[in-house]
Amino acid sequence: MLNKYARAFFTRVLTPFASFLLRIGVSPDMVTLVGTAGVVAGALVFFPQGSFFWGTIVITAFVFSDLVDGNMARQAGSSSVWGAFLDSTLDRVADSAVFAGIALWYAGGGDNLLLCSVALFCLASGQVVSYTKARAESLGLKCDVSGLVERAERLVVTLVAAGLAGLHGFGVPYIDWLLPIALWLIAVGSLITALQRILTVRREAAEAIAAGGGQL
Ligand SMILES: CCCCCCCC/C=C\CCCCCCCC(=O)OC[C@H](COP(=O)(O)O[C@@H]1[C@H](O)[C@H](OP(=O)(O)O)[C@@H](O)[C@H](O)[C@H]1O)OC(=O)CCCCCCC/C=C\CCCCCCCC
Ligand SMILES: Nc1ccn([C@@H]2O[C@H](COP(=O)(O)O)[C@@H](O)[C@H]2O)c(=O)n1
Ligand SMILES: [Mg+2]
Ligand SMILES: [Mg+2]
């Protein structure tokens, strides 16, 4: 949903910044790499210590690079299969780091094995959700369904909840509950999304066979 409706808005807002980076000689690949490194560092340095406010600030500062790199490539007319591969592959790295950082907190100082397991489930199910589409596309199918919880929803819900939960460390009472609630929502939503995508691909594969294709 966010991918469909918010992308156009962020493209307009980020286009001047993307043009500026191109003018000073920065390449889309550099933005992809630095953005991912920033998200990974923010998630794996701050979250395992329970520093959710500062971790979210650092991650948010870098995560928008994922919208800037493609914008730059399109403006420069340099969109490429390599760029698409690099972008998607490093998205998986960044997503893993966010949920691994949360899982490490609950495995250590947060001392809650159930929430550690839910965070690990979010990590794994998010990867499966993305894989279903990538594998379907590699087989010539479209996986033509948005799904309940795509990457943008996973990131926005998790980061808003983590950032607000981090305010508990500044004395705001009860707000730390937002993170467990968000993790449960993402876990259930990702499971539903994976099922939506699998059923869609099953239907598309059956249609391809009925049309005389769909064999390997
Ligand atoms: C006092 C409070 C402290 C709070 C501190 C700060 C809070 C900050 C909160 C949130 C910031 C969240 C920002 C999240 C931005 C996410 C942007 C992003 O990277 O989106 C990526 C997404 C997809 O990009 P791609 O096409 O490159 O990726 C594809 C995708 O990954 C596919 O995976 P799948 O979806 O299938 O799982 C892959 O299949 C494919 O390979 C891959 O290429 O881009 C978009 O979707 C574009 C839309 C982005 C919309 C961002 C909306 C941000 C909205 C609000 C943020 C502000 C909230 C403020 C909260 C304040 C709280 C107090
Ligand atoms: N280093 C890069 C990154 C991206 N691309 C191209 O942009 C598309 C992704 O666009 P986003 O708005 O989602 O970032 C991607 O499929 C590539 O075509 C690129 O060329 N180089
Ligand atoms: Mg991108
Ligand atoms: Mg991306």
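All figures in this text were calculated on a predicted structure; none of them were measured in a lab. Position 1 is the first residue of the sequence; numbering continues from there. Note that these values count all heavy atoms, side chains included, but never hydrogens, waters or copies made by symmetry. In each ligand, atom 1 is the first atom listed, and ligand 1 is the first ligand listed.
Of the candidates D69, D87, L14, D91, the one placing a heavy atom closest to atom 9 (C) of ligand 2 is D87. Nearest to atom 17 (C) of ligand 2 by heavy-atom distance, out of G35, A84, A73, is A84. Taking all heavy atoms of V81, L67, D66 into account, the minimum distance to atom 14 (O) of ligand 2 is reached by D66.
Side-chain contact, N112 with W105: no donor N or O sits under 3.5 Å from an acceptor N or O. Residues Q75 and S19 have side chains that bring a donor and an acceptor to within less than 3.5 angstrom of each other. Side-chain contact, R92 with S130: a donor N or O sits under 3.5 Å from an acceptor N or O.
Under the 4.5 Å side-chain heavy-atom criterion for ILVMFWY residues, a single connected hydrophobic cluster contains both V156 and L123. Both L164 and W184 are members of a single hydrophobic cluster when ILVMFWY side chains are connected at heavy-atom separations under 4.5 Å.
At least one N, O or S atom of D91 sits under 2.8 Å from the Mg ion (ligand 4).
Among heteroatoms of the N, O or S kind in D69, OD1 lies nearest the Mg ion (ligand 3). D87 contributes OD1 as its N, O or S atom closest to the Mg ion (ligand 4).
Numbered from 1 in the order shown, with element, the atoms of ligand 2 that lie under 4.0 Å from a heavy atom of T32 read 1 (N), 2 (C), 3 (C). Contact atoms of ligand 2 toward R74: 7 (O), 8 (C), 10 (O), 12 (O) (distance under 4.0 Å to a heavy atom of the residue).
With a heavy-atom cut-off of 4.0 Å, D29 touches ligand 2 through backbone and side chain alike.
Residues F52 and F47 bring their aromatic ring centres within 6.0 Å.
We find that E204 and R197 are not joined by a salt bridge, their nearest charged nitrogen and carboxylate oxygen being 4.0 Å or further apart. By the 4.0 Å N-to-carboxylate-O rule, R203 lies close enough to E207 to be salt-bridged with it.
The shortest N or O to N or O distance between N71 and ligand 2 is not under 3.5 Å.
Using a non-hydrogen distance threshold of 4.0 Å, M72 does not register as a contact of ligand 2.
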